[in-house]
Q: 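Here it is, the structure, as structure tokens.
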Amino acid sequence: FFFQAEDGIRDVAVTGVQTCALPISSRWPASSRRRGARRSAHPRDRRCRRCHSSDRAPHHRLAGTRAAGPADAMTLAPLVRRGFWSPAYCAELRAAMDAGAAGPADILTGDAHTDTTVRRALDITVDERILSRIEHALAEVRSDLARHFDVPLTDSVGVTFLRYLEGGRYRRHQDADPRPGSGTEDRRVSLIVWLTSGTSPNAPGDFTGGVLRLWRPGAAAPDDLVPEAGTLVAFPSVWPHEVLPVTGGVRDAVVDWLR
């Protein structure tokens with residue numbers, strides 16, 4: 001099966017109802033809500049506490065079929081869920097980012113460090129109550145992601161709000177380094193929810209450039225995904241990927257790494 005251009009990716013090579021070359025599963029069963037899962041602290045600060053607030057971020061349960069077996073799980077297409085958050089909720093989160101404290105985003109391999117020749121982005125600390133709502137909302141879909149990729153997922157590194165201004169980028173990298181002591185060896189699935197939309201030939205957006213480029217194992221060429229606000233994307237953390245340079249505007253996203 002294939003998802004079409006309107007299913008969450010605005011690809012420069014896709015027009016009308018032409019499909020792009022990213023196969024997905026057909027239908028997968030909804031799972032029961034996981035409660036009380038143990039959460040670990042973020043390696044750099046205390047922001048990633050389990051949500052105890054009555055405030056809830058809007059979310060959608062992910063539905064479909066179970067993924068292929070473990071041998072095939074790492075060669076699946078990325079999971080893409082359009083409309084995971086509404087435009088209004090994305091705007092609310094962007095306002096929270098505007099009010100937050102911003103600093104350079106680290107490269108989290110070995111000792112966390114900053115290198116703007118590799119990664120040029122801002123890591124923004126938002127209000128604790130908003131962060132807790134997002135932590136809870138993303139925890140709600142963890143079991144469905146585990147089913148899709150056929151891997152156990154019990155907790156996460158912790159939600160991060162990222163902002164790429166003009167000139168921002170993240171060169172080709174992997175979110176998981178399997179070498180012991182790397183600090184990222186336990187990451188299994190990378191998760192992104194875009195808060196702003198990139199520009200494509202058929203739709204103006206909030207920014208230009210900033211395409212997510214994914215190298216899937218065995219694929220003849222990388223897949224270029226143009227962000228669309230409110231869309232959730234997940235893929236195995238071992239896949240090489242890159243955020244191409246933002247040439248104008250602001251690219252905002254919420255990210256987490258599941259393990």
Q: Compare every heavy atom of Gly230 with every heavy atom of Cys90, then report the nearest pair and how far apart it is.
A: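 In terms of heavy atoms, the two residues are closest at SG-N, 3.4 Å.
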Q: On a heavy-atom basis, which atom in Val157 and which in Arg259 lie closest, and how many Å separate them?
A: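 For Val157 versus Arg259, the nearest heavy atoms are CG2-NH1, 3.9 Å.
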Q: Might you work through the side chain to side chain contact (heavy atoms under 4.5 Å, CB included) test for Val193 and Leu138, ending with a clear yes or no?
A: CA-CA 10 Å; Val193 184; Leu138 297 184; 4.2 Å; yes
Q: Looking only at non-hydrogen atoms, find the nearest pair between Leu162 and Ala105 and report the distance.
A: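 Heavy-atom minimum between the residues: CD2-CB, 4.0 Å.
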Q: Report the C-alpha separation of Arg179 and Glu185 in whole Å, then their side-chain angles, then the decisive distance to 0.1 Å, and conclude whether the salt bridge (charged side-chain N to carboxylate O under 4.0 Å, His left out) test is met.
A: CA-CA 6 Å; Arg179 294 175 297 179; Glu185 65 271 19; over 6 Å; no
Q: Pairs in or reaching into residues 89-98: which pass salt bridge (charged side-chain N to carboxylate O under 4.0 Å, His left out), with residues at least two apart or in two chains?
A: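 Found Glu92-Arg133, Arg94-Asp252, Asp98-Arg163.
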Q: To the nearest 0.5 Å, what is the distance between CH2 on Trp215 and CZ on Arg172?
A: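 CZ of Arg172 is found 5.0 Å from CH2 of Trp215.
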Q: Tell me if a side-chain donor or acceptor on His173 pairs with a main-chain N or O of Arg171 at a distance below 3.5 Å.
A: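 A pair under 3.5 Å: yes.
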Q: Mind checking the OG-CZ spacing from Ser156 to Arg142? Nearest 0.5 Å is all I need.
A: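 It is 5.5 Å, given to the nearest 0.5 Å.
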Q: Can you tell me how far OG1 of Thr208 sits from CD of Glu166, rounded to the nearest 0.5 angstrom?
A: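 The OG1 atom of Thr208 is 7.0 Å from CD of Glu166, to the nearest 0.5 Å.
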Q: For side chain to side chain contact (heavy atoms under 4.5 Å, CB included), just list the numbers for Leu153 and Val189, CA-CA rounded to whole Å, side-chain angles, deciding distance to a tenth of an Å, and then say yes or no.
A: CA-CA 8 Å; Leu153 299 170; Val189 173; 4.1 Å; yes
Q: With no hydrogens and no angle check, is any side-chain donor or acceptor of Arg187 less than 3.5 Å from a backbone partner on Asp175?
A: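 Present.
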Q: Quick one, Val250 with Leu165, criterion side chain to side chain contact (heavy atoms under 4.5 Å, CB included). Give me CA distance, side-chain angles, the key distance, then yes/no.
A: CA-CA 5 Å; Val250 179; Leu165 304 176; 3.9 Å; yes
Q: Mark yes or no for whether Thr184, through its side chain, and Ala176, through its backbone, hold a donor-acceptor pair below 3.5 Å.
A: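 Answer holds: no.
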Q: Determine whether a donor-acceptor pair (N or O, by modelled atom type, separation under 3.5 Å) exists between the side chain of Thr231 and the backbone of Trp194.
A: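 Between the backbone of Trp194 and the side chain of Thr231 there is no qualifying donor-acceptor contact (under 3.5 Å).
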Q: How many angstroms lie between atom CG of Leu145 and atom CG of Leu191, to the nearest 0.5 angstrom?
A: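 Between Leu145 CG and Leu191 CG, I get 6.0 Å after rounding to 0.5 Å.
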Q: Which heavy atom of Pro78 sits nearest a heavy atom of Arg216, and at what distance?
A: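 Minimum heavy-atom separation between Pro78 and Arg216: CD-CD, 4.0 Å.
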Q: For Val255, is there any backbone N or O sitting under 3.5 Å from a side-chain donor or acceptor partner on Thr160?
A: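 Not a single qualifying donor-acceptor pair exists.
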Q: How long is the straight-line distance from CG of Leu93 back to CG of Leu195, given to the nearest 0.5 Å?
A: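 With rounding to 0.5 Å, CG (Leu195) is 5.5 Å from CG (Leu93).
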Q: Any chance you could lay out the side chain to side chain contact (heavy atoms under 4.5 Å, CB included) test for Phe235 and Leu212, step after step, and finish with the verdict?
A: CA-CA 12 Å; Phe235 53 90; Leu212 175 63; 4.3 Å; yes
Q: Between Arg251 and Tyr164, is there a donor-acceptor pair closer than 3.5 Å when you use the side chain of the first and the backbone of the second?
A: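 Checking the backbone N and O of Tyr164 against the side chain of Arg251, no donor-acceptor pair under 3.5 Å is found.
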Q: Ignoring hydrogens, what is the shortest heavy-atom contact between Arg120 and Gly167? Give both atom names and the distance.
A: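 Looks like CD-O, 3.3 Å.
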Q: For residues Val118 and Ile107, determine if any side-chain heavy atom of one lies less than 4.5 Å from a side-chain heavy atom of the other.
A: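 Side chain of Val118 against side chain of Ile107, heavy atoms only: contact under 4.5 Å found.
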Q: Would you say the side-chain atoms of Asp256 pair up with the backbone N or O of Gly158, donor to acceptor, closer than 3.5 Å?
A: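 Checked: pair present.
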Q: Can you confirm whether Arg188 sits close enough to Ser237 that some side-chain heavy atom of one is under 4.5 Å from a side-chain heavy atom of the other?
A: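 Arg188 does not reach Ser237 side chain to side chain.
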Q: For a 4.5 angstrom cut-off between non-hydrogen side-chain atoms, does Val233 reach Leu79?
A: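 A side-chain contact under 4.5 Å is absent here.
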Q: When you compare the side chain of Thr114 with that of Pro104, does any pair of heavy atoms fall below 4.5 Å?
A: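 Yes; the side chains approach each other to less than 4.5 Å.
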Q: Should Asp223 and Arg213 count as an ion pair when the cut-off is N to O under 4.0 Å?
A: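 Between Arg213 and Asp223 there is no salt bridge, as every charged N stays at least 4.0 Å from the carboxylate O atoms.
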Q: Does Ala229 offer a backbone N or O that forms a donor-acceptor pair with the side chain of Ser197 under 3.5 Å?
A: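 Yes, Ser197 side chain to Ala229 backbone: donor-acceptor pair under 3.5 Å.
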Q: When rounded to the nearest 0.5 angstrom, what distance separates CZ in Phe161 from CE in Met97?
A: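 Between atom CZ of Phe161 and atom CE of Met97 there are 7.0 Å.
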Q: Does Asp123 reach the side chain of Asp106, with side-chain heavy atoms less than 4.5 Å apart?
A: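 When only atoms from C-beta onward are counted, Asp106 and Asp123 do not touch, as no gap falls below 4.5 Å.
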Q: Return yes if some donor-acceptor pair links the side-chain N/O of Thr199 with the main-chain N/O of Phe207 below 3.5 Å, else return no.
A: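 Yes; at least one donor-acceptor contact below 3.5 Å.
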Q: Working note: Asn202 + Ser200, criterion side chain to side chain donor-acceptor pair (under 3.5 Å); need CA distance, chi angles, decisive distance, verdict.
A: CA-CA 5 Å; Asn202 298 319; Ser200 70; 5.5 Å; no
Q: Nearest heavy-atom pair of Ile124 and Ala102: which atoms, and what distance?
A: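 It is CG1-CB, 3.9 Å.
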Q: Within the distance-only criterion (no hydrogens, no angle test), does the side chain of Ser182 pair as donor or acceptor with the backbone N or O of Pro178 below 3.5 angstrom?
A: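 Not a single qualifying donor-acceptor pair exists.
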Q: If the plane angle is over 60° it's perpendicular, under 30° parallel, otherwise tilted; pick one for Trp85 and Tyr89.
A: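 Perpendicular: the ring planes of Trp85 and Tyr89 meet at over 60°.
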